[in-house]
Amino acid sequence: MDSSLHEVWQAAAGSPFLPSVDKSNQFIVAFVLLAAGVSLTGVFALNRSLITVPLLGIPASLAIAYGVVYMFCAVGVYV
């Protein structure tokens, strides 16, 4: 892998970055993720057992985490 920075720069120019969620839809995606995360957290809080951790707890925390990141991107604060 003997490529200089200039070669990498030129190769990257041919393939622009396309985000997975369009800028106009980031707020909607963030709101849905946060609502799903809060709902799953509420259900998990009502029934805390070892089996519900992978079924509800982990997806809830991931939905909240991704929702917060998308929310920051939607309002223009990039992390």
Side-chain angles (χ1 to χ4, degrees):
M1 195 156 143
D2 260 332
S3 55
S4 67
L5 180 61
H6 181 69
E7 291 172 359
V8 172
W9 184 272
Q10 292 298 326
S15 59
F17 173 73
L18 297 173
S20 58
V21 177
D22 189 34
K23 179 70 175 170
S24 61
N25 294 329
Q26 284 180 351
F27 184 79
I28 296 167
V29 170
F31 184 78
V32 168
L33 284 172
L34 286 173
V38 169
S39 299
L40 286 174
T41 301
V43 172
F44 178 67
L46 293 173
N47 183 15
R48 290 183 292 176
S49 68
L50 193 57
I51 195 76
T52 59
V53 171
L55 293 178
L56 296 174
I58 295 172
S61 64
L62 290 175
I64 290 174
Y66 281 113
V68 167
V69 169
Y70 277 125
M71 189 66 73
F72 279 129
C73 290
V75 297
V77 178
Y78 297 100
V79 290

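Computed from a predicted model, the values in this text were never measured in an experiment. Numbers here simply count residues along the sequence, with the first being 1. Just so you know, these numbers use all the heavy atoms, side chains as well, and skip hydrogens, waters and symmetry mates.
Residues passing the side chain to side chain contact (heavy atoms under 4.5 Å, CB included) test with L56 are L40, V43, F44, T52, sequence neighbours excluded. For S24, the side chain to side chain donor-acceptor pair (under 3.5 Å) partners at least two apart in sequence or on another chain are D22. Applying the side chain to side chain contact (heavy atoms under 4.5 Å, CB included) test to V68 and every residue at least two apart in sequence or in another chain returns L34, I64, F72. Here I51 pairs with S49, L55 under the side chain to side chain contact (heavy atoms under 4.5 Å, CB included) rule; sequence neighbours left out.
A pairwise comparison of heavy atoms in A30 and G67 identifies CB-O, 3.5 Å as the closest pair.
Here the CG-OG1 distance, from L46 to T41, works out to 11.0 Å after rounding to the nearest 0.5 Å.
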